[in-house]
Amino acid sequence: MKIATFNINGIKARLNALTDWLDEAQPDVVLMQEIKSVDEAFPSEIFEERGYNVEVHGQKSFNGVVILSKLPLEDVTRGLPGDDADEQARYIEATVVGESHSVRLCGLYLPNGNPVELDGNDAPVKDGKYAYKLAWMDRLRARAQQLLAEETPFLMAGDYNIIPQDEDAATPDSWRGDALFRPESHAKWRALLNLGLTEAFRAQTQAPGHYSFWDYQAGAWNRNNGIRIDHFLLCPYTADRLRDCQIDKDTRARDKPSDHVPVWIELDL
DNA sequence: ATGCCTAATGGAATTAGA
């Protein structure tokens with residue numbers, strides 16, 4: 001089963017680029033982020049025509065996540081547990097039924113967290129964007145812990161807005177103080193991994209210089225000034241079934257690209 | 001230097017992204 005994650009940066013602006021990639025990459029499942037659309041305005045029929053089931057968790061202007069699947073989706077839930085006051089559409093779960101096994105798909109758009117606002121003790125300012133990011137990561141960890149406890153096979157994939165290590169950025173020194181790369185962000189990332197989760201790309205590839213995002217500004221793509229922030233985290237059961245993980249870098253060079261490119265895994269399910 | 005670009009909103013300039 002081929003499962004992809006793709007931050008499309010707006011469904012309306014990405015229809016052609018998205019359908020071109022879908023028709024050629026032929027993923028069985030796609031977890032999409034930043035659709036920037038309400039549920040009613042999402043063009044589900046474009047994907048249904050291609051044989052996908054579509055589950056949307058949208059929001060006006062910003063955020064918004066979607067699951068596409070050629071196989072049936074069951075038990076769909078919207079929103080990350082742990083904060084009833086959180087109105088942002090950044091998380092969706094569904095179970096996909098494979099030939100012999102099922103897996104819980106957790107699609108996520110983790111908050112960016114910039115600008116980083118710290119108080120006099122270098123603690124994130126309450127109600128600031130960075131505090132929201134760190135709290136969101138705590139909630140994600142709690143959800144992963146719950147899925148592990150109930151022995152539900154799962155994967156968590158999407159735009160994590162985390163650069164894991166120096167080798168995941170072309171210019172790591174320029175990111176040191178950024179919400180994507182700060183020590184507090186890395187600590188939360190490692191707390192996720194320390195539950196026993198496997199980061200799929202690094203399970204397959206050790207080399208530096210592989211990125212999933214290039215800024216639209218300052219010729220970042222032409223200078224290969226990228227960062228790797230779109231990830232798959234796999235529970236042990238799912239990690240044992242990982243066969244491949246690749247980044248579809250070429251899509252960044254096409255017409256009207258997203259600033260992110262698709263990342264995909266192949267699982268034996 | 002929170003900018004050099006892009007998208008959404010709304011119908012001009014602002015917000016957000018990372």
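Residue numbers begin at 1 in each chain, while the letters A, B, ... track the order of the sequences. Source: prediction; values computed, not measured. Keep in mind that the numbers below use all heavy atoms, side chains included, and drop hydrogens, waters and symmetry copies.
Here the separation of B:dA1 from B:dA13, taken at their P atoms, is 26 Å to the nearest Å. For B:dT9 and B:dC4, the C1' atoms lie 23 Å apart once the distance is rounded to whole Å. With both ends at atom P, the span from B:dG17 to B:dA12 equals 26 Å, rounded to whole Å. Distance check on atom C1': B:dG10 versus B:dT15 gives 13 Å, rounded to whole Å. Rounded to whole Å, the P atom of B:dT2 lies 24 Å from the corresponding atom of B:dA7.
Side-chain atoms of A:Asn224 and A:Trp214 form a donor-acceptor pair, as typed in the model, at a separation below 3.5 Å. No side-chain donor-acceptor contact under 3.5 Å links A:Tyr211 and A:Asp230.
Between B:dT6 and A:Arg14, no contact under 4.0 Å exists linking OP1 or OP2 to a side-chain N or O.
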Atom pairs under 3.5 Å, N or O on each side, protein against nucleotides 10-17 of chain B: can you list them with distances?
residue: B:dG17; atom: OP2; partner: A:Lys129; partner atom: NZ; Å: 3.2

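Counting to the nearest Å, the P atom of B:dA8 and the CD atom of A:Gln59 are 14 Å from each other. Counting to the nearest Å, the P atom of B:dA18 and the CH2 atom of A:Trp221 are 18 Å from each other. Summarising the geometry, the separation between CD1 on A:Ile8 and P on B:dT6 is reported as 17 Å, rounded to the nearest angstrom. With rounding to whole Å, A:Asn225 atom CG is found 14 Å from B:dC5 atom C1'.
With sequence neighbours excluded, the residues forming a ring-ring contact (aromatic ring centres under 6.0 Å, His included) with A:Tyr237 are A:His101, listed by chain and number. With sequence neighbours excluded, the residues satisfying side chain to side chain contact (heavy atoms under 4.5 Å, CB included) with A:Leu71 are A:Met1, A:Ser69, A:Val96. With sequence neighbours left out, the side chain to side chain contact (heavy atoms under 4.5 Å, CB included) criterion links A:Thr77 to A:Glu93, A:Arg104. Qualifying side chain to side chain contact (heavy atoms under 4.5 Å, CB included) partners for A:Glu199, counting only residues two or more places apart in sequence or in other chains: A:Pro164, A:Trp189, A:Leu193, A:Phe201, A:Arg202, A:Arg228, A:His231, A:Leu233. Listed by chain and number, the residues in a salt bridge (Lys or Arg N to Asp or Glu O under 4.0 Å) with A:Arg90 amount to none (sequence neighbours excluded).
Using a 4.0 Å heavy-atom criterion, one finds that A:Ala218 contacts the bases of the nucleic acid, with or without backbone contacts as well.
Comparing A:Pro111 and A:Ile35 along DNA chain B, the residue whose closest nucleotide (by nearest heavy atom) sits nearer the 5' end is A:Ile35.
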